[in-house]
Peer 1: 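The structure follows.
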Protein chains: 2
Amino acid sequence: MTTGTDAPRRTRIQQEKRELILEAALEVFSTNGFRGSTIDQIAEAAGMSKPNLLYYFRRKEDIHETLMQRLLDTWLAPLRELDDIGDPLTELRSYIRRKLEMARDFPRESRLFANEILQGAPRIMPLLAGELKTLVDEKAVVIKGWMRAGKIARTDPWHLIFSIWATTQHYADFDVQVRAVLGPNRGGDGRFEDAARFLEQLFLDGLKPKG
Amino acid sequence: MTTGTDAPRRTRIQQEKRELILEAALEVFSTNGFRGSTIDQIAEAAGMSKPNLLYYFRRKEDIHETLMQRLLDTWLAPLRELDDIGDPLTELRSYIRRKLEMARDFPRESRLFANEILQGAPRIMPLLAGELKTLVDEKAVVIKGWMRAGKIARTDPWHLIFSIWATTQHYADFDVQVRAVLGPNRGGDGRFEDAARFLEQLFLDGLKPKG
DNA sequence: CTAACGTTTGTCCAATCGGTCAAAATTTGC
DNA sequence: GCAAATTTTGACCGATTGGACAAACGTTAG
């Protein structure tokens with residue numbers, strides 16, 4: 001009731017232009033943060049005038065809000081897919097791989113999310129303590145089951161999920177640093193394959209020598 | 001020559017007030033980002049008027065620059081300490097522990113750094129490709145030596161360092177999310193001990209069951 | 001006391017910001 | 001073609017921003 005009608009009933013032009021604006025806003029917001037971005041920047045990136053943009057989104061915050069709502073769904077999709085069918089280690093390995101692919105293919109989304117969290121998540125705090133916590137708690141139960149069954153080592157499921165998030169999203173959020181440190185040779189397109197190989201080994205075997 | 005005199009020759013009051021301003025600016029910048037922070041906010045946090053603040057730092061950027069320069073040194077100190085003396089696994093374990101303690105004790109510094117990197121590191125890019133890369137390459141050689149000696153498993157030293165950075169700084173940069181997901185019970189002060197235990201196990205043994 | 005120096009503040013400014021509005025241009029339904 | 005509805009724009013507004021500046025304040029050495 002508070003967020004307007006369920007069926008926005010938009011024209012074809014409205015849908016296209018709104019999509020154009022959201023795409024431009026993702027680019028601008030993810031690199032400058034919310035307060036660091038201006039409506040003019042977004043309008044220019046979308047190829048339209050500022051008043052024209054404000055015809056489709058009345059306030060700057062509306063753009064950001066729409067962007068965040070869409071983002072969370074796609075962003076949590078890989079975790080939702082983590083299921084009890086199949087081998088646990090394989091399941092976890094493919095979750096890590098999927099998350100790393102998202103960091104590679106959707107770095108702007110990752111940075112937008114990181115920006116929001118860094119600043120204390122003022123706009124999505126309820127979602128974190130609600131929807132997100134519920135989902136993670138749910139998956140923690142699944143993982144605990146695997147531990148009880150002796151399929152994976154006993155450890156803390158919540159921190160395990162955190163570590164997967166941290167290591168994979170690092171390649172999107174800290175991409176500049178990763179490329180700078182790896183240098184021109186190793187910092188090229190192959191860095192994600194290297195990361196995938198490393199992470200797989202880390203999460204499966206750790207660092208202790210085989211002997 | 002381009003950065004003025006080597007000895008700024010400041011009075012006692014100047015040193016104290018500059019320190020006060022930097023402390024206030026760390027608080028403000030780390031929570032709002034550079035563009036999201038105003039001189040007025042920093043001045044108020046430092047308990048002085050805006051023109052008075054501008055008497056000690058002529059431009060907003062000067063405060064940020066001074067802050068970043070100091071930050072990098074202390075931030076990289078744990079990695080510098082990573083040495084060839086002592087047992088490799090112990091050495092790595094204590095590096096992880098030190099980094100996690102820094103995330104716990106200096107979260108504002110971590111967020112300030114994360115903010116800068118997220119936005120493409122416009123102000124410290126030369127440092128990343130220079131000083132930072134040199135240091136990491138140096139330590140990568142040390143780690144490679146451990147691998148050749150059979151002391152730790154063979155893997156990519158650079159990505160190993162990335163994963164330590166990512167997992168430890170996650171508890172500072174994404175603190176709001178961590179606390180929200182862990183909930184009121186487990187999200188209290190004990191979360192860093194839990195994280196330390198988990199990370200130690202992850203980096204040493206991975207997830208494969210012991211059997 | 002007073003001159004010199006370092007410190008603090010009130011006032012002001014130009015630029016930029018998010019957002020409004022009425023009018024013009026365009027598309028759409030008939 | 002034409003009228004209604006939709007889309008686009010130029011001009012504008014008040015608020016906020018980073019920063020300048022001169023005057024005032026305080027302190028200290030002589």
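Per chain, numbering begins at 1; letters A, B, ... match sequence-line order.
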Peer 1: dG18(C) P sits how many Å from Asp62(A) CG, rounded?
Peer 2: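 It works out to 14 Å between those atoms.
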Peer 1: Please confirm whether Arg197(A) makes a cation-pi placement over Phe192(A), using NZ or CZ under 6.0 Å from the six-membered ring centre and within 45° of the ring normal.
Peer 2: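 The answer is no, since Arg197(A) fails at least one limit relative to Phe192(A).
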Peer 1: Got a salt bridge between Arg123(B) and Glu65(B), using NZ or NE/NH1/NH2 to carboxylate O under 4.0 Å?
Peer 2: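 No, Arg123(B) and Glu65(B) are not salt-bridged.
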Peer 1: Could you tell me how far apart Glu16(A) (CD) and dT7(D) (P) are, to the nearest whole angstrom?
Peer 2: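 Roughly 11 Å, once rounded to whole Å.
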Peer 1: Check whether any side-chain heavy atom of Glu109(B) lies under 4.5 Å from a side-chain heavy atom of Trp75(B), and answer yes or no.
Peer 2: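 Touching, per the 4.5 Å side-chain cut-off.
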Peer 1: Between atom NZ in Lys60(A) and atom C1' in dC17(C), what is the gap in whole Å?
Peer 2: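 So the two atoms are 8 Å apart, to the nearest Å.
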Peer 1: Between Gln15(A) (CD) and dT7(D) (P), how many Å, whole number?
Peer 2: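 From Gln15(A) CD to dT7(D) P: 11 Å.
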Peer 1: Between Trp158(A) and Asp137(A), is the side-chain hydrogen bond (donor to acceptor under 3.5 Å, both in side chains) condition met? List the steps.
Peer 2: CA-CA 8 Å; Trp158(A) 287 272; Asp137(A) 286 348; 2.8 Å; yes
Peer 1: Nearest-Å distance, CG (Asp40(B)) to C1' (dG10(C))?
Peer 2: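 Spelled out: CG on Asp40(B) to C1' on dG10(C) is 13 Å.
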Peer 1: With side chains defined as the heavy atoms from C-beta onward, is the minimum distance between Thr167(B) and His170(A) less than 4.5 Å?
Peer 2: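 Not touching, per the 4.5 Å side-chain cut-off.
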Peer 1: Is any side-chain heavy atom of Val176(A) less than 4.5 Å from a side-chain heavy atom of Leu118(B)?
Peer 2: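 Contact flag for Val176(A)/Leu118(B) side chains = no.
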Peer 1: Of the nucleotides dG19(C), dT7(C), dG19(D), which one has an atom closest to the side chain of Tyr55(B)?
Peer 2: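 Closest nucleotide among those given: dT7(C).
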Peer 1: With Asp62(A) as reference, evaluate Arg59(A), Lys60(A), Arg58(A) under the side-chain hydrogen bond (donor to acceptor under 3.5 Å, both in side chains) test and give the passing residue.
Peer 2: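 Testing each of Arg59(A), Lys60(A), Arg58(A) against Asp62(A), the sole residue satisfying side-chain hydrogen bond (donor to acceptor under 3.5 Å, both in side chains) is Arg59(A).
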Peer 1: Specify the separation, in whole Å, of atom CG of Leu54(B) and atom P of dG18(D).
Peer 2: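 It is 9 Å, rounded to the nearest whole Å.
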Peer 1: Among residues 26-39 of chain A, which ones have heavy-atom contacts with DNA chain C below 4.0 Å?
Peer 2: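 Ser37(A), Thr38(A), Ile39(A) - these, ordered by number, are the residues of the stretch whose heavy atoms sit under 4.0 Å from the strand.
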Peer 1: For DNA chain C, which residues in residues 41-51 of chain A have a heavy atom at a distance below 4.0 Å?
Peer 2: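 Nucleic-acid contacts, sorted: Lys50(A), Pro51(A).
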Peer 1: By the 4.0 Å heavy-atom rule, please label Tyr56(A) as base, sugar-phosphate, or nothing.
Peer 2: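 Since only primed, P, OP1 and OP2 atoms lie under 4.0 Å of Tyr56(A), the category is sugar-phosphate.
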Peer 1: To the side chain of Lys17(A), which of dG19(D), dT8(C), dT8(D) is closest?
Peer 2: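 When the side chain of Lys17(A) is considered, dT8(D) is the closest of dG19(D), dT8(C), dT8(D).
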Peer 1: Is the shortest side-chain N/O distance from Asn52(A) to OP1 or OP2 of dT7(D) below 4.0 Å?
Peer 2: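 Negative; the distance criterion is not met.
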Peer 1: Between His64(A) and Phe57(A), is the ring centre distance below 6.0 Å?
Peer 2: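 No.
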Peer 1: Classify the ring geometry of Phe162(B) against Trp165(B): parallel below 30°, tilted from 30° to 60°, perpendicular beyond 60°.
Peer 2: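 Correct class here is tilted.
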Peer 1: Phosphate oxygens OP1/OP2 of dT6(D): is one of them under 4.0 Å from a side-chain N or O of Gln14(A)?
Peer 2: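 No, no such contact exists.
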